[in-house]
Asker: 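My questions will all concern the structure given below.
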Amino acid sequence: MAEKRKTAITPTREQDYPEWYQQVIRAAELAEISPVRGCMVIKPWGWGIWENMQRVLDGMFKATGHENAYFPLFIPMSFLEKEAEHVEGFAKECAVVTHHRLEPGPDGGLVPAGRLEEPLIVRPTSETIIGAMYAQWVQSYRDLPILINQWANVVRWELRTRLFLRTAEFLWQEGHTAHATEQEAREETALMLDVYADFAENWMAMPVIKGEKTAGERFPGAISTLSIEAMMQDRKALQAGTSHFLGQNFSKAQEIKFQDQHGQEVYAWTTSWGVSTRLVGALVMTHSDDDGLILPPKLAPKHVVVLPIYRNDQERSDVLAYCNRLAAQLNDAKFSGGAVHAWIDDRDLRGGEKNWQHIKKGVPLRVEVGPRDIAKNGVFLARRDTSEKRGLDREEFVQTVGNLLDDMQDGLYRRALALRESNTRPIDDLDDFRQYFTPKNEERPEIHGGFALCHWAEDPAVDQILKDLKVTIRCIPSAAEAEPGTCIFTGKPSAGRAVFAKAY
RNA sequence: CGGGGCGUAGCGCAGCUUGGCUAGCGCGCCUGCUUUGGGAGCAGGAGGUCGGGAGUUCGAAUCUCCCCGCCCCGACCA
């Protein structure tokens, strides 16, 4: 017997959460570190998840009146310079293109030649280049609103990267809208946050808190930034999507102006909103366990893997024929407004090995089919989320597979919500707050803390305490009721509680 | 970008302190046979310019210098 490990992933979440995360991504074949510094290669299984995310989100954007378009990867440096806060926010992490030609170098290599008159920035986000176009497109109130989204890659020259969570290049969508009135733009900002929350909860099975960022956490150049915040299994917060109300900051900087009904020349009100491939990382950290990835069925690239089991050629042909009929039936079954996606894994690998591969990749359902099942016209079913295994009748399975997948989707959401709820609490005392966010083992911090709901006030003293504890204010929850209280850091009066947590 | 650690086969590592035969081990991979309902067994085999460059030396994975990359901790961030 080979060495039998208790879990498919080492270390476990408890032993070393960050390392566990990396190992899950590798074991599930989602992505790999690339030869290019800070950049990752997204592999087919990981890409399949992102494709599903794109498809669903794209449908939601269209349903709320948006259209897709595409703007250039390169942004003239002067564009970025127009909005002061914006420059300051992104300058440090910009990749800059300064040349447009390569020539043979003295040592046989290539050297850049043909210096550009004006350097080009590889977009870290596209407010400026899109705004420049909007300025041309908008002349009359009749041209508004403009509701455009683009799917694109962006580059932020990060010094410390982690697969999916923070890479130098990442993929995202960025919506950019321009409106005639402030109210309409604010409504758009809130609407898109709702879209993100809907997607997170109903497709990713990831509960989120909707809220507004504090001044310190705002997008550079925004009047207000809304976000959805999720709790990962190490109880840290992950910002999973943002929606910004940009006021007239960018339209003034970029001359996006128009004549209103009264013939007055006024500036447009703009918004921007985005989610990125970071959501794949969020998915991993929300649901997976010590045996690898667990996927919410609604975003899984495939739902059911059929594993044929046979000993000889005769059995092989019988079993495969049965499996083919089963897979065809499954692919006709309905799930989540589409079809169940099943396939037969007939690779020449031993059963146990093959089985574990699918466990690690998080395939929601595994179905073993061997001579014994055929004799009973049945299947042997294993579900990834609960590890439950049982034999059942083939027809019954085909009839109920959609419901089963729905049930798994719900179960994952409830499990994630339960984790968040049992690790969220109001804290009204600074000592309690410190204790909550201080690990028992300073050398190797164990999983600790969670979300704390506290009264607070704007004050440099608060910033310092939070910095020392490595805690951030995640958001001021939209759902919170007005509740006057006292800032636990300064004793100043507070209008309501904010969510505090350690964060990614 | 500051502090610390590490680069040896696809992955994980030993060897380095005290330079010396043909650079090893486990997993994985290939071939054959036996196997196959939860990570198979035996036998044989392939795979390395020891991260890169320069230096010291009769001789460098091992010593010196420079460079590159990765990981951890800070600062910054979707």
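Here is how names work: the chains are called A, B, and so on, in the same order as the sequence lines, proteins then strands, and each is numbered from 1. Note that these values count all heavy atoms, side chains included, but never hydrogens, waters or copies made by symmetry. Model, not experiment: these values are computed from the prediction.
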Asker: Rounded to the nearest Å, what distance is computed from the CD atom of residue A/Q357 to the P atom of nucleotide B/G39?
Answerer: 14 Å
Asker: Applying a 3.5 Å limit to both distances, which nucleotide forms a Watson-Crick or G-U wobble pair with B/G69?
Answerer: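 Matched B/G69 with B/C6 under the 3.5 Å cut-off.
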Asker: Given that both distances must come in under 3.5 Å, which nucleotide forms a Watson-Crick or G-U wobble pair with B/C76?
Answerer: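 The answer is none; no pair meets the criterion.
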Asker: Distance alone, cut at 3.5 Å: any donor-acceptor contact between the side chains of A/Q150 and A/S126?
Answerer: yes
Asker: What is the distance from CD of A/E229 to P of B/A78, rounded to the nearest Å?
Answerer: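 After rounding, the gap between these two atoms is 11 Å.
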Asker: Could you check A/K92 against A/N355 and say which one's nearest nucleotide on RNA chain B is further toward the 5' end?
Answerer: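 Its nearest nucleotide being more 5', the pick is A/N355.
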Asker: How close or far is atom C1' of B/C11 from atom CD of A/E29, stated in whole angstroms?
Answerer: 13 Å
Asker: Of A/I359 and A/T167, whose nearest nucleotide on RNA chain B comes first from the 5' end?
Answerer: A/I359
Asker: Rounded to whole angstroms, how far apart are NE2 on A/H358 and P on B/G39?
Answerer: 15 Å
Asker: Say whether A/S227 and A/T242, considering side chains only, have a donor N or O and an acceptor N or O under 3.5 Å apart.
Answerer: no
Asker: Under 4.0 Å between a Lys/Arg side-chain N and an Asp/Glu carboxylate O for A/D289 and A/R384?
Answerer: yes
Asker: Using a strict threshold of under 4.0 Å (side-chain N to carboxylate O), is an ion pair present between A/D346 and A/R316?
Answerer: yes
Asker: Answer yes when A/R394 and A/D373 have at least one side-chain N-carboxylate O distance shorter than 4.0 Å, and no when they do not.
Answerer: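 Between A/D373 and A/R394 there is no salt bridge, as every charged N stays at least 4.0 Å from the carboxylate O atoms.
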Asker: How is A/R316 classified with respect to the nucleic acid when contacts are heavy atoms under 4.0 Å: base, sugar-phosphate, or nothing?
Answerer: nothing
Asker: Assess, by modelled atom type and distance only, whether the side chains of A/T386 and A/R383 contain a donor and an acceptor separated by less than 3.5 Å.
Answerer: yes
Asker: On a whole-Å scale, what distance lies between the C1' atoms belonging to B/G20 and B/C27?
Answerer: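 So the two C1' atoms sit 31 Å from each other.
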Asker: Hey, are A/R347 and A/E353 close enough for a salt bridge, meaning a charged N less than 4.0 Å from a carboxylate O?
Answerer: no
Asker: Can you tell me the Watson-Crick or wobble partner of B/C25, both distances under 3.5 angstrom?
Answerer: B/G12
Asker: Can you check the distance between B/G28 and B/G47, where both ends of the measurement are the C1' atom (answer in whole Å)?
Answerer: 12 Å
Asker: Does any nucleotide pair with B/G19 by Watson-Crick or G-U wobble geometry, both distances under 3.5 Å, and what is it?
Answerer: none
Asker: If the threshold is 4.0 Å, N to carboxylate O, is there a salt bridge linking A/K467 and A/D463?
Answerer: no
Asker: Looking just at side-chain N and O atoms, do A/E188 and A/W273 make a donor-acceptor pair shorter than 3.5 Å?
Answerer: yes
Asker: With a non-hydrogen cut-off below 4.0 angstrom, is A/K354 in contact with a base, only sugar-phosphate, or nothing?
Answerer: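 No contact.
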Asker: Grab the N/O contacts between the protein and nucleotides 70-75 of chain B below 3.5 Å, and write none if there aren't any.
Answerer:
{"unit_1": "B/C73", "atom_1": "OP2", "unit_2": "A/R160", "atom_2": "NH2", "d": "2.4"}
{"unit_1": "B/G74", "atom_1": "OP1", "unit_2": "A/K470", "atom_2": "NZ", "d": "2.0"}

Asker: Measure OH/A/Y504 against P/B/C76 and give the value in whole Å, please.
Answerer: 19 Å
Asker: Could you check how far CD1 of A/I9 sits from C1' of B/G39, rounded to whole Å?
Answerer: 13 Å
Asker: Given atom CD of A/Q173 and atom P of B/A78, what is their separation to the nearest angstrom?
Answerer: 15 Å
Asker: Is A/E14 atom CD crowded by more than 12 heavy atoms from other residues, nucleotides or ligands, each under 6.0 Å away?
Answerer: no
Asker: Please report the distance, rounded to the nearest Å, between NZ in A/K360 and P in B/G39.
Answerer: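 In whole Å, B/G39 P lies 13 Å from A/K360 NZ.
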Asker: Rounding to an integer number of angstrom, what distance separates B/G59 and B/C21 when you compare their P atoms?
Answerer: 15 Å
Asker: Any strand counts, and the cut-off is 3.5 Å on both contacts for Watson-Crick or G-U wobble. Which nucleotide pairs with B/A40?
Answerer: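 When the pairing criteria are applied, B/U34 turns out to be the nucleotide that pairs with B/A40.
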Asker: Could you run down nucleotides 30-37 of chain B 5' to 3' and tag each one B, S or - for protein heavy-atom contact under 4.0 Å?
Answerer: -------B
Asker: Name the nucleic acid region contacted by A/F219, choosing base, sugar-phosphate or nothing; use a 4.0 angstrom heavy-atom cut-off, strictly under.
Answerer: nothing
Asker: When you check the gap from the basic side-chain N to the acidic O, do A/K43 and A/E32 get nearer than 4.0 Å?
Answerer: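 Salt bridge flag = yes for A/E32 with A/K43.
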Asker: Just name whichever nucleotide pairs with B/U57, Watson-Crick or G-U, keeping both distances under 3.5 Å, else none.
Answerer: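 Its partner is none (no Watson-Crick or G-U wobble pair with both distances under 3.5 Å).
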Asker: Pairing check on B/A46: which nucleotide meets the Watson-Crick or G-U wobble criteria with it, both distances under 3.5 Å?
Answerer: none
